[in-house]
Amino acid sequence: MCGIVGIVGQAPVNQSLYDALLVLQHRGQDAAGIITCEGNRLHLRKDNGLARDVFQTKHMIRLRGGMGVGHVRYPTAGASSSAEAQPFYVNSPHGIVLAHNGNLTNAEELKRDLIVEDLRHLNTESDSEILLNILAHELQVQGRLRIDEQDIFRAVAGVHRRCRGGYAAVAMIPGFGVFAFRDPHGIRPLVYGRRETSEGTEYMIASESVALDTSGFELIADVAPGETVLITLDGQLHTRQCAAQPVLSPCIFEFVYFARPDSIIDNISVHKARSRMGKKLATKIKRQWSNHDIDVVIPIPDTSRTAALQLANQLGVHYAEGFIKNRYIGRTFIMPGQKVRKRSVRQKLNAIDLEFRKKNVLLVDDSIVRGTTSQQIIQMARDAGAHRVYFASAAPPVRFPNVYGIDMPAASELIAHGRTEEEVACELGTDGLIFQDLDDLIDAVQKKGKSHVDRFDTSVFDGQYVTGDVTAAYLQALEDRRNDSAKEHRAAHSESTLDLHNAN
């Protein structure tokens, strides 16, 4: 998962880009980057680390210009490398900058085509570089010395014909403008907005609406699936549908976990969706466990708070904050290596004993992925003196890997993969476990009559991949690449390469 932003302004945009990356930091803590455009000259700063650490005063001073693109990243291959920090740049044609959120499911096929047929060079293992070079080739074959909006729309249409998977991208061409596009299923989120200044109208494109809000931009709309939004250097806004058969199918896990609660995605309030998840879960508990003995509902901070509060209200049970969170620890299920994840859970959360002692506690989390965090939190509740520890998930069991840009574990490392709910409860060590039903989750997020979503990508729960091209062979290759042992091998190789480089 990554966060992307692009701005066409009337004044220097470096501070606005930086501010946007700070509020999109939850989408990736591995690396950050900004490229600005001053006339026809590009200025770049990118490196591994949080945005606040990557960009120092000396870097911000050099990021001159009234147009730019930014990116925050976490590694989708397990090991981090500053070589894969974005945005990426390719010189020909015209000089194109691109930042990308998502994953191409036909990346290997595209890579072969780019090298053998399009005669383009790839320097990293990132599918974002593949997407950039596909875009560059589609623009180059038009053979135009001076491009206009129609050339951009034709090039993006070519990208949609060739690329499969989930992708939201923002690109920039020096002296021309910034444009963004979203895959024909709209799996990854992308929005755009405007703000009026004394110098004129400025535009921002970003992964989530919260980036617009905090910088004073007014939300115009989501980028529709298959749509291209272009803002030229003179401030003109152009939009065009560039895909043949778009079907809006956003990733439902954005609403469960990834997106900030103060964002609106595809006309759906993330906060309201999570609130409805809590109500749905309470209804299920009333139906299946009417004589429950729950004394207190305690959320696992932060993303489960909204659902847990509504669940407690619906059940008429006391709600309490039982865990204090260290906000300087990253998201544990995307951390490479089981040992690191286990250690970080204890560093991340600490229990308030008074809220647990001699009570029957219902812990509420947004989801259960590996189960590593859940197991330790349940034990922490017992250590704090809880009499019984129950566990509720605002989402159904995660049984399948995500292939559209979320670096979820290999299938074999998902605690619910190949297990019944009773077996999962046993593995977690809880006195009782309840999952959200998938139909209830969809209904909670969609809020029929309020959103224009055609369907959701719910593949992590049901194994139904909306692009229709995910085969057993692809999933096996993903398993081989994502399992912890493979990640540890890549990390060791990366470290040894770095040591050799430093020695030389």
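As a basis for the values below, the full set of heavy atoms in this structure was taken, side chains included, without hydrogen atoms, waters or symmetry mates.
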Given the rule in the side-chain hydrogen bond (donor to acceptor under 3.5 Å, both in side chains) test, do Ser92 and Gln140 qualify, once you have shown the distances and angles that lead to the verdict? CA-CA 8 Å; Ser92 178; Gln140 189 165 31; 3.0 Å; yes

For Ile252 and Phe461, what are the C-alpha separation, side-chain angles and deciding distance, and is it a side-chain contact (heavy atoms from CB on, under 4.5 Å)? CA-CA 10 Å; Ile252 205 165; Phe461 306 121; 3.6 Å; yes

Tell me, with the steps shown, if Phe400 and Gln464 meet side-chain contact (heavy atoms from CB on, under 4.5 Å). CA-CA 9 Å; Phe400 304 93; Gln464 302 298 310; over 6 Å; no

So Thr201 and Glu196, side-chain hydrogen bond (donor to acceptor under 3.5 Å, both in side chains) or not? Walk me through it. CA-CA 5 Å; Thr201 304; Glu196 300 297 333; 2.7 Å; yes

Are Tyr404 and Thr467 close enough, and set up right, to give a side-chain hydrogen bond (donor to acceptor under 3.5 Å, both in side chains), and what steps lead you there? CA-CA 10 Å; Tyr404 300 126; Thr467 53; 2.6 Å; yes

For the pair Ser126 and Arg73, evaluate side-chain hydrogen bond (donor to acceptor under 3.5 Å, both in side chains) and give the outcome as yes or no after the intermediate values. CA-CA 12 Å; Ser126 172; Arg73 166 190 187 269; over 6 Å; no

Give the intermediate values and the outcome of side-chain contact (heavy atoms from CB on, under 4.5 Å) for residues Asp19 and Thr214. CA-CA 8 Å; Asp19 292 343; Thr214 55; 5.7 Å; no

For Val229 and Tyr203, what are the C-alpha separation, side-chain angles and deciding distance, and is it a side-chain contact (heavy atoms from CB on, under 4.5 Å)? CA-CA 11 Å; Val229 173; Tyr203 290 92; over 6 Å; no

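Around the CD atom of Glu218, the shell of radius 6.0 Å holds no more than 12 heavy atoms that belong to other residues, nucleotides or ligands.
A salt bridge does not link Arg62 to Glu38: none of the charged side-chain nitrogens sits closer than 4.0 Å to a carboxylate oxygen. In this structure, Asp213 does not pair ionically with Arg260, as no charged nitrogen and carboxylate oxygen lie closer than 4.0 Å.
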Pair up each side-chain donor or acceptor in residues 173-184 with any protein partner under 3.5 Å, not counting sequence neighbours, and list the distances.
| residue | atom | partner | partner atom | Å |
| --- | --- | --- | --- | --- |
| Arg182 | NE | Arg188 | O | 2.7 |
| Arg182 | NH1 | Val223 | O | 2.7 |
| Arg182 | NH1 | Asp266 | OD1 | 3.1 |
| Arg182 | NH2 | Gly186 | O | 2.9 |
| Arg182 | NH2 | Asp266 | OD1 | 3.4 |
| Arg182 | NH2 | Asp266 | OD2 | 2.9 |
| Asp183 | OD1 | His185 | N | 2.7 |
| Asp183 | OD1 | Gly186 | N | 2.9 |
| Asp183 | OD2 | Tyr167 | N | 3.0 |
| Asp183 | OD2 | Ile187 | N | 3.2 |

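Separation of atoms CZ (Arg164) and CG (Leu110) is listed at 7.5 Å; rounding is to 0.5 Å.
Partners of Asp462 according to the salt bridge (Lys or Arg N to Asp or Glu O under 4.0 Å) rule, which considers only residues two or more places apart in sequence or in another chain, do not exist here.
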